[in-house]
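Labels below follow one simple rule: chain letters A, B, ... track the order of the sequence lines, proteins then strands, and each chain is numbered from 1.
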Amino acid sequence: MVKITLPDGSEREFTETPTGADIALSISEGFARSCVAMEVGGQLMDLSETVADGTAVRLITTRDSEALEIMRHSAAHIMAQAIKNLYPMAHLTIGPVVEGGFYYDIDMEPIGEEAFPAIEKEINRLVKAKLPFVRQVISKEAALERFKSEPYKLELIEGLEGTISLYTQGDFVDLCRGPHIPHTGLAKAVKLLRVSGAYWRADQNNAQLQRVYGTAFFDKKELKAHLHMVEEAKKRDHRKLGTQLDLFSFHDEAPGMPFFHAKGMAMWNALLDYWREEHRKDGYVETKTPIMLNRDLWERSGHWENYRENMYTSSVDEIDYAIKPMNCPGGMLLFRMKSPSYRELPYRAGEIGLVHRHELSGALSGLFRVRAFHQDDAHIFMTPEQIHDEILGVLNLAARVYQTFGLDFHLELSTRPKKSIGSDEQWEKATEGLRSALDIYGKGYMINEGDGAFYGPKIDIHIKDAIGRTWQCGTIQLDMSLPERFDLTYIGADNEKHRPVMIHRVAFGSVERFFGILVEHYAGRFPLWLAPVQAVLLPMNDDLLAYTVQVKRELEAEGIRVDVDGRGESLKRKVRDAQLQQVPVIITIGEKEREAGVFSVRTLDGTVTYGVSREDFLSVVKTDIHARKNESVPVFG
RNA sequence: GCCAAUGUAGCUCAGUUGGCAGAGCAGCUCACUCGUAAUGAGCAGGCCAGCGGUUCGAAUCCGCUCAUUGGCUCCA
């Protein structure tokens, strides 16, 4: 009898050594159909491999996160087979999985996208044929013989040690580590995306190859949804909307450093007003530290040694300075002045700090990757006993903030990396503090073993936007290094000095980046409280202009952001322009409205409510704004 | 930083083989004063990213630089 353990702890018995496929079949036929591979001892393997007695096996189905990558790799092979069939002179090089799909670099005549339909047709034929992927392990010598007509494969084989694994589907063989899906039929929805040039081994002295990009899903619906998402993302691109809505811009004079326009700043301030309100509620104070500090400080914090290539430095009066890439060292100086009583802890100090980091030029991208940005930072100093409650407090605060924007989120815990400082006991205690807070919080979390900072474990918060993309924004990092380096202390109940525990945390992360995420999340149609212009007033004719300007002042006195469109254009035209600018409330002022002292209000869904009284209008608008309702269409009348 | 592509009016984009710099929208002026997604006419707007080269002549060809985009790399 051969015994196999499954992840839920259950055991299965077999009369002979089973393959992964046998194990899957022993559960159910339907389950077996959705299996793509298995994990044994942390290693991904083909279902066709046999599993020894007493082994723990995790079967990977199309629902598991690893499945998509495995299948896409198989899809790359299928595409290569299709291209080989259509272009027999093509020589294959490498075909890895990348985010959102895969590519294969092929030495062949240059092709354009017009060649895609034929290739896709051939791919679909191969998929329908449900060709099994057959793994074979041979010696290096045999491999060299086998691939003698494929020069790039020979070069790859030369660089490999030991035995070589091959995968065959139909009459097509490719060198590959694996694993692969059981048969081509599982790659149901394959689509080629684009083709570009690439050099063999990224060296322009080498041959120019065709890099054909594609993506693949387990079913056509998912592929369609993905293509729709990509299309939708393009429309929402914050760089485009930032220009269209006059929110921000970039200039050659300061690459990677955004300029915020008046409208962008209106949103920025609304965002930070909200941030301050939430932090005050949770007992934070706000501080501000200089952006330029001298070399002594950065040497003490360790940044001079470890982070210098990312720092902007300067020398003034023969003293070296650096512009801060992080707010923490300045914050340390403030806390060090105090050495407070344990009764004053936890001490929560927030700082919207402007930091500069010299990111590589090729990494810059709109507001998402910049060189100057604000962190919605806070440093919390506490006794070790307070870790649990403080982490929980931060999680609750962050959840509240994301909820306001209708953003769902998930949590990830990163533990001690190989290269780290501090004792085993410190790490144990710190990690346990985070873990227990996460357990109580109860949302569930992933663990990234060894992915923590060298100075402490951390919790990352990933949000999910309106079209399903995820972004890492919030982070809670425990720091066991800086309190030591800055010799921070507090006075305990025993009247002795003790070392406080410290965390860095952010909710937005980079305010600039979060701003960009919000632009894309809302596609420029912001909720009323956030909208740069909350209401626009449209006078019917020039005689009403003076009255309209007076109304604007009155509404502004109520704290509403209002514009007047006093151009000599038709009403149709002004309505259209206001809609395109996504102004949530469009108020038309004609003779009737002036006489009755009322508004005709149009919202972005196209509905018009006539004769809204001033009181009703203010009540609806102010209620929405103060509640920070996550809704861009207020309801009148 | 590396590889590739791109850079023309405020915005979106044409510009042929090297031969006078173009359109739509926005802007300004005039007329119209309009009831919920584009009123009409006219005018103005440019060191064709920058620097250098080839040429009788360069937006166009070549080189360098800068910026942007995509990919890679990086993320103490």
Trainee: For the pair made of CG in A/Asp565 and P in B/U33, what is the distance, rounded to whole Å?
Mentor: 18 Å
Trainee: Is there a donor in the side chain of A/Glu520 and an acceptor in the side chain of A/His238, or the other way round, less than 3.5 Å apart?
Mentor: yes
Trainee: Could you tell me the separation between the CG atom of A/Leu580 and the CG atom of A/Leu245, rounded to the nearest 0.5 Å?
Mentor: 10.0 Å
Trainee: Using a 4.5 Å cut-off on heavy atoms from C-beta on, say whether the side chain of A/Leu518 contacts that of A/Asp465.
Mentor: no
Trainee: Treat a base pair as Watson-Crick or G-U wobble with both distances under 3.5 Å, then lay out RNA chain B in dot-bracket form, 5' to 3', with | for cross-strand pairs.
Mentor: (((((((..((((.....[..)))).(((((.......))))).....(((((..]....))))))))))))....
Trainee: For A/Phe102 and B/G71, what is the distance between atoms CZ and P respectively, to the nearest whole Å?
Mentor: 16 Å
Trainee: What distance, rounded to whole Å, do you find between the two C1' atoms, one in B/U60 and one in B/U6?
Mentor: 15 Å
Trainee: In whole Å, I'd like the distance from the CD atom of A/Gln244 to the P atom of B/C13.
Mentor: 11 Å
Trainee: By the definition ring-ring contact (aromatic ring centres under 6.0 Å, His included), identify the one residue from A/Phe636, A/Phe617, A/Tyr610 that meets it with A/Phe599.
Mentor: A/Phe617
Trainee: Expressed as a whole number of angstroms, how long is the span from A/Phe248:CZ to B/U68:P?
Mentor: 13 Å
Trainee: B/A67 P sits how many Å from A/Leu360 CG, rounded?
Mentor: 13 Å
Trainee: Across nucleotides 34-45 of chain B, 5' to 3', mark each nucleotide with B, S or - according to how protein heavy atoms within less than 4.0 Å reach it.
Mentor: BBBBBB------
Trainee: With sugar-phosphate meaning primed atoms plus P, OP1 and OP2, does A/Tyr307 contact a base, only sugar-phosphate, or nothing at under 4.0 Å between heavy atoms?
Mentor: sugar-phosphate
Trainee: Between A/Tyr103 (OH) and B/A4 (P), how many Å, whole number?
Mentor: 15 Å
Trainee: Taking the side chain as C-beta and beyond, is there a heavy-atom pair between A/Val612 and A/Val598 under 4.5 Å?
Mentor: no
Trainee: Touch check for A/Tyr455, heavy atoms < 4.0 angstrom, all strands: base, sugar-phosphate only, or nothing?
Mentor: base
Trainee: Atom CG of A/Asp543 to atom P of B/U33: distance rounded to whole Å?
Mentor: 11 Å
Trainee: Could you tell me the separation between the CZ atom of A/Arg369 and the P atom of B/C72, rounded to a whole number of Å?
Mentor: 13 Å
Trainee: To the nearest 0.5 Å, what is the distance between CZ on A/Arg308 and CE on A/Met311?
Mentor: 8.0 Å
Trainee: What nucleic acid atoms does A/Gly366 come within less than 4.0 Å of, heavy atoms only: base, sugar-phosphate, or nothing?
Mentor: sugar-phosphate
Trainee: Working to the nearest 0.5 Å, report the span between CG of A/Asp479 and NZ of A/Lys458.
Mentor: 12.5 Å
Trainee: Please work out if A/Asp252 contacts a base, only the sugar-phosphate, or nothing of the nucleic acid, heavy-atom cut-off 4.0 Å.
Mentor: sugar-phosphate
Trainee: Checking ring-ring contact (aromatic ring centres under 6.0 Å, His included) against A/Phe368, which of A/Trp471, A/Phe514, A/Phe373, A/Phe515 comes through?
Mentor: A/Trp471
Trainee: By nearest heavy atom, map A/Ala453 and A/Arg371 onto RNA chain B; which one lands nearer the 5' end?
Mentor: A/Arg371
Trainee: With no hydrogens and no angle check, do the side chains of A/Glu593 and A/Thr588 hold a donor and an acceptor under 3.5 Å apart?
Mentor: no
Trainee: Are any of A/Arg239's side-chain N or O atoms less than 4.0 Å away from OP1 or OP2 of B/U69?
Mentor: yes
Trainee: Taking A/His374 as the fixed residue, which of A/Phe508, A/Trp268, A/Phe260 is the one that meets the ring-ring contact (aromatic ring centres under 6.0 Å, His included) rule?
Mentor: A/Trp268
